[in-house]
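Comments concern the structure below.
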Amino acid sequence: MLRRDVAEYDENDSRVWRDFGKTPSEGVGCFNLQVVAASMSDIAEINDSDAAAVELCSAPELGGLTPDRALMRDACAQSRLPVSVMIRPTDRDFVYTEDEFATMLDDVAYVARETKAEGISVGVLTADGNVDVERLRRLIEVAGTLKISFNRAFEQANDPVAAYAQLARLKVASILTTVSPTLDLLPRAPVRLRVGGGVKPEHLPDLRSRGLMNIHMGRAVRRKLTFESSVDSSKVWEFTHA
């Protein structure tokens, strides 16, 4: 059963959450919130929240890496929400060696074959800062029916408008990006824009006014605003119902 209450915050919570919760929100409709999970306990907490989707990874403090296969399998089986599995073998950048890329292909094949995931989250760039179309096409072929989310590699692309067009041609389902003026240069379809990375409660009215209703949260919906603490369903509620 989804929580519809807003629980009392503990003393470690940020003051901004208390202030934000006192002000009635304007507008209608809920934000579609994807929450980062890095453990089975995260999955359990997110299951008992108003989140809409999960991004599964390891090492979220490094921006997310490929989780181990046991976690992939068990988390996708236990989640009541659609799960997108992060495929990222290193936190170095989004330009991969041949060996790293081979590992990515193998991991995508495992996700497609052995888990109940809805999709994968992946980003591949060329050394000169463009979307690596050929490698991305290969990943998409191996993914089969899995939905493709292009991760925050998008922010490092030289030309975001051109990158968006390339991803649209490849039928990528969504792009993860941050709050920036660049968002107003990008269409809202066919590729869904999901905004994360520093989104705060005070950003939500502006995102709504810009037609950006898909958001992505990591630390911001945890009890102590750190990945070491648990997901707080009351904070999830604040973001989804703002």
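The stretch residues 108-132 participates, sequence neighbours left out, in these salt bridge (charged side-chain N to carboxylate O under 4.0 Å, His left out) pairs: Glu118-Lys147. Residue pairs meeting the salt bridge (charged side-chain N to carboxylate O under 4.0 Å, His left out) criterion with at least one partner in residues 81-95, sequence neighbours excluded, are Arg92-Glu100.
Here Asn158 pairs with Asn130 under the side chain to side chain contact (heavy atoms under 4.5 Å, CB included) rule; sequence neighbours left out. In this structure Asp159 satisfies the side chain to side chain contact (heavy atoms under 4.5 Å, CB included) test together with Val161, Ala162, sequence neighbours excluded. Judged as a side chain to side chain contact (heavy atoms under 4.5 Å, CB included), and not counting sequence neighbours, the contacts of Arg137 are Val133, Glu134, Glu141, Leu170.
Asp68 places none of its side-chain heavy atoms less than 4.5 Å from the side chain of Met72. Two residues are said to be in side-chain contact when any heavy atoms from C-beta on lie closer than 4.5 Å; Val199 and Met217 meet this criterion. Put simply, the side chain of Asp50 reaches to within 4.5 Å of the side chain of His241, judged on heavy atoms. Taking 4.5 Å as the limit, some side-chain heavy atom of Lys235 sits within range of a side-chain heavy atom of Leu225.
Following chains of ILVMFWY side-chain contacts shorter than 4.5 Å, one cannot reach Val195 starting from Val36, and the two form parts of different hydrophobic clusters. With hydrophobic clusters built from ILVMFWY side chains whose heavy atoms lie under 4.5 angstrom apart, Val111 shares a cluster with Met40. Residues Val124 and Val142 share a hydrophobic cluster, clusters being chains of Ile/Leu/Val/Met/Phe/Trp/Tyr side chains in contact below 4.5 Å. One hydrophobic cluster, built from ILVMFWY side chains closer than 4.5 Å, cannot hold both Leu65 and Leu125; they sit in different ones.
By the 6.0 Å and 45° rule, Arg135 does not stack over the aromatic ring of Tyr96.
One distance of note links CG of Asn32 with CZ of Arg192; it measures 5.0 Å at 0.5 Å rounding. Rounding to the nearest 0.5 Å places CD of Glu155 at 11.0 Å from CD1 of Ile175. Remark: Leu212 CG to Leu204 CG distance equals 11.0 Å, nearest 0.5 Å. Rounding to the nearest 0.5 Å gives a distance of 8.0 Å between CG of Leu81 and CD1 of Ile43. Between the CG atom of Leu193 and the OG atom of Ser174 there is a distance of 9.0 Å, given to the nearest 0.5 Å. Note that CZ of Phe227 and CZ of Arg222 are 6.0 Å apart. Values are rounded to the nearest 0.5 Å.
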Go through the steps for Leu167 and Val131 under the test side chain to side chain contact (heavy atoms under 4.5 Å, CB included), then give the verdict. CA-CA 8 Å; Leu167 297 174; Val131 174; 4.1 Å; yes
Under the criterion side chain to side chain contact (heavy atoms under 4.5 Å, CB included), I'd like the reasoning laid out for Leu136 against Phe150: C-alpha separation, chi angles, the key distance, then a yes or no. CA-CA 9 Å; Leu136 184 56; Phe150 199 81; 4.0 Å; yes
Chi angles and distances behind the side chain to side chain contact (heavy atoms under 4.5 Å, CB included) call for Leu185, Tyr164: CA-CA 10 Å; Leu185 303 176; Tyr164 182 101; over 6 Å; no
Determine, stepwise, if the pair Glu55 / His216 fulfils side chain to side chain contact (heavy atoms under 4.5 Å, CB included). CA-CA 9 Å; Glu55 182 183 66; His216 173 93; 3.1 Å; yes
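Closest of all the heavy-atom pairs between Val172 and Ile148 is CG1-O, 3.3 Å. Considering every non-hydrogen atom in both Leu71 and Cys57, the closest pair reads CD2-O, 4.4 Å. The minimum heavy-atom distance linking Arg208 with Phe31 is given by the pair NH2-CE1, 3.5 Å. Listed here is the closest heavy atom pair of Arg223 and Ser229: N-OG, 3.7 Å. In terms of heavy atoms, Asn151 sits closest to Met86 at ND2-SD, 3.9 Å. Considering all non-hydrogen atoms of both residues, Pro160 and Phe154 come closest at O-CZ, 3.5 Å.
Counting heavy atoms of neighbouring residues, nucleotides and ligands inside a 6.0 Å radius, atom CD of Glu61 exceeds 12 of them.
Panel note: side chain Ser79, backbone Ala75; no donor-acceptor pair is recorded below 3.5 Å. Side-chain N or O atoms of Arg152 include none that pairs as donor or acceptor with a backbone N or O of Leu176 at under 3.5 Å. Of the possible polar contacts, none joining the Ser49 side chain to the Val236 backbone as a donor-acceptor pair under 3.5 Å is found. Side-chain N or O atoms of Arg80 include one that pairs as donor or acceptor with a backbone N or O of Asn47 at under 3.5 Å. Between the His203 side chain and the Lys200 main chain, a donor and an acceptor come within less than 3.5 Å of each other.
A donor-acceptor contact closer than 3.5 angstrom links the side chains of Ser41 and Ser39. Using modelled atom types and a 3.5 Å distance limit, the side chains of Ser149 and Ser84 yield no donor-acceptor pair.
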Compile the donor-acceptor pairs under 3.5 Å between side chains in residues 102-109 and protein atoms, sequence neighbours left out, one pair per line.
residue	atom	partner	partner atom	Å
Thr103	OG1	Asp99	O	3.1
Asp106	OD2	Arg69	NH2	2.8
Asp107	OD1	Arg69	NH2	3.0

